[in-house]
Amino acid sequence: MAGSIETSEHHDLRLPTGRTVGEEIAGFNRFSRLMDSRFKLAGVPIGLDAIIGVVPVAGDAVTGAMGLYALGTAARLKLPITAHIHIIWNLIADAAIGAVPLAGDVFDVFFRSHRKNFRVVEKHLIKRARKHEAELAVKLAKASNV
């Protein structure tokens, strides 16, 4: 996807926990794809968010609640408050605009809040992994100079 920093190289970076970025977000990656881009309709990727969102009120309530998975992932991974705010903003925009009849359904197809939230989490984990990698390099350099 354009603008994504998602690559296998980045996903192989190790976090302080010993797990890789890819291991930490694999489930969230599958979930966000299912919600936003798993299927194709006339060549346009769509997901359950757009399909379920067609049901007035209840559909947007269900997909909004499903979006809380991103917030739970951010909390589990102890991401900074800025990540949580970004995720909440995406969820609010998706729910508010998605609730508008017809226009909201079209919006759901193209906004892809779940993929946006995946990229927020991914970006913060890659940043954390790179910081951890740099700290290990400093420790290794200090140890070799002793």
Side-chain angles (χ1 to χ4, degrees), residues 1-41 43-55 58-100 104-146:
M1 172 163 269
S4 179
I5 56 174
E6 178 183 346
T7 68
S8 61
E9 175 189 338
H10 290 113
H11 285 201
D12 289 339
L13 291 171
R14 280 235 179 253
L15 294 158
T17 61
R19 292 174 50 96
T20 66
V21 170
E23 289 168 340
E24 285 291 2
I25 59 174
F28 187 26
N29 189 17
R30 286 189 299 275
F31 170 79
S32 67
R33 285 185 192 281
L34 176 65
M35 292 302 292
D36 285 337
S37 60
R38 173 68 176 89
F39 312 103
K40 291 214 186 260
L41 180 65
V44 177
I46 65 166
L48 290 181
D49 190 349
I51 295 167
I52 296 170
V54 170
V55 178
D60 291 308
V62 168
T63 59
M66 292 173 83
L68 295 176
Y69 181 77
L71 209 49
T73 300
R76 176 180 61 84
L77 296 170
K78 297 178 174 75
L79 296 185
I81 192 69
T82 55
H84 293 253
I85 291 168
H86 197 156
I87 289 168
I88 290 167
W89 174 254
N90 286 337
L91 293 175
I92 290 170
D94 186 46
I97 299 170
V100 176
D105 298 325
V106 173
F107 175 80
D108 279 340
V109 171
F110 296 102
F111 185 64
R112 298 187 179 128
S113 67
H114 304 280
R115 289 308 289 167
K116 287 179 185 301
N117 288 338
F118 171 78
R119 286 189 299 278
V120 168
V121 171
E122 177 188 48
K123 178 183 84 170
H124 282 280
L125 285 183
I126 289 170
K127 184 176 177 180
R128 182 181 293 168
R130 285 184 176 150
K131 180 180 176 189
H132 176 64
E133 196 175 69
E135 289 169 352
L136 288 177
V138 167
K139 285 180 183 178
L140 183 62
K142 285 181 181 178
S144 67
N145 287 334
V146 173

4.5 Å side-chain heavy-atom contact, [X] and [Y]:
{"X": "Arg38", "Y": "Leu48", "result": "no"}
{"X": "Arg76", "Y": "Glu24", "result": "yes"}
{"X": "Glu122", "Y": "Asn29", "result": "no"}
{"X": "Lys116", "Y": "Phe111", "result": "yes"}
{"X": "Leu71", "Y": "Leu68", "result": "yes"}
{"X": "Leu34", "Y": "Arg30", "result": "no"}
{"X": "Thr73", "Y": "Phe31", "result": "no"}
{"X": "Lys131", "Y": "Glu135", "result": "yes"}

From [X] [atom1] over to [Y] [atom2], what is the distance, rounded to the nearest 0.5 angstrom?
{"X": "Leu125", "Y": "Lys127", "atom1": "CG", "atom2": "NZ", "value": "12.0 Å"}
{"X": "His86", "Y": "His124", "atom1": "NE2", "atom2": "NE2", "value": "8.0 Å"}
{"X": "Ile85", "Y": "Leu79", "atom1": "CD1", "atom2": "CG", "value": "12.5 Å"}
{"X": "Asp94", "Y": "Asp60", "atom1": "CG", "atom2": "CG", "value": "7.5 Å"}
{"X": "Arg14", "Y": "Glu133", "atom1": "CZ", "atom2": "CD", "value": "11.0 Å"}
{"X": "Arg112", "Y": "Asn117", "atom1": "CZ", "atom2": "CG", "value": "14.0 Å"}

Please report the shortest heavy-atom distance between [X] and [Y], naming the atom on each side.
{"X": "Phe107", "Y": "Gly98", "answer": "CD2-N, 4.1 Å"}
{"X": "Phe118", "Y": "Ser32", "answer": "CB-OG, 3.6 Å"}
{"X": "Gly53", "Y": "Asp108", "answer": "CA-OD2, 4.4 Å"}
{"X": "Pro45", "Y": "Lys40", "answer": "CG-NZ, 4.2 Å"}

Pair Phe39-Ile51, side-chain contact (heavy atoms from CB on, under 4.5 Å): steps then yes or no: CA-CA 10 Å; Phe39 312 103; Ile51 295 167; 4.0 Å; yes
Any donor-acceptor N/O pair, Asp49 side chain to Thr63 backbone, under 3.5 Å: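 Side chain of Asp49 to backbone of Thr63, a donor-acceptor pair under 3.5 Å: no, none is there.
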Worked check of side-chain contact (heavy atoms from CB on, under 4.5 Å) between Leu15 and Glu23: CA-CA 10 Å; Leu15 294 158; Glu23 289 168 340; over 6 Å; no
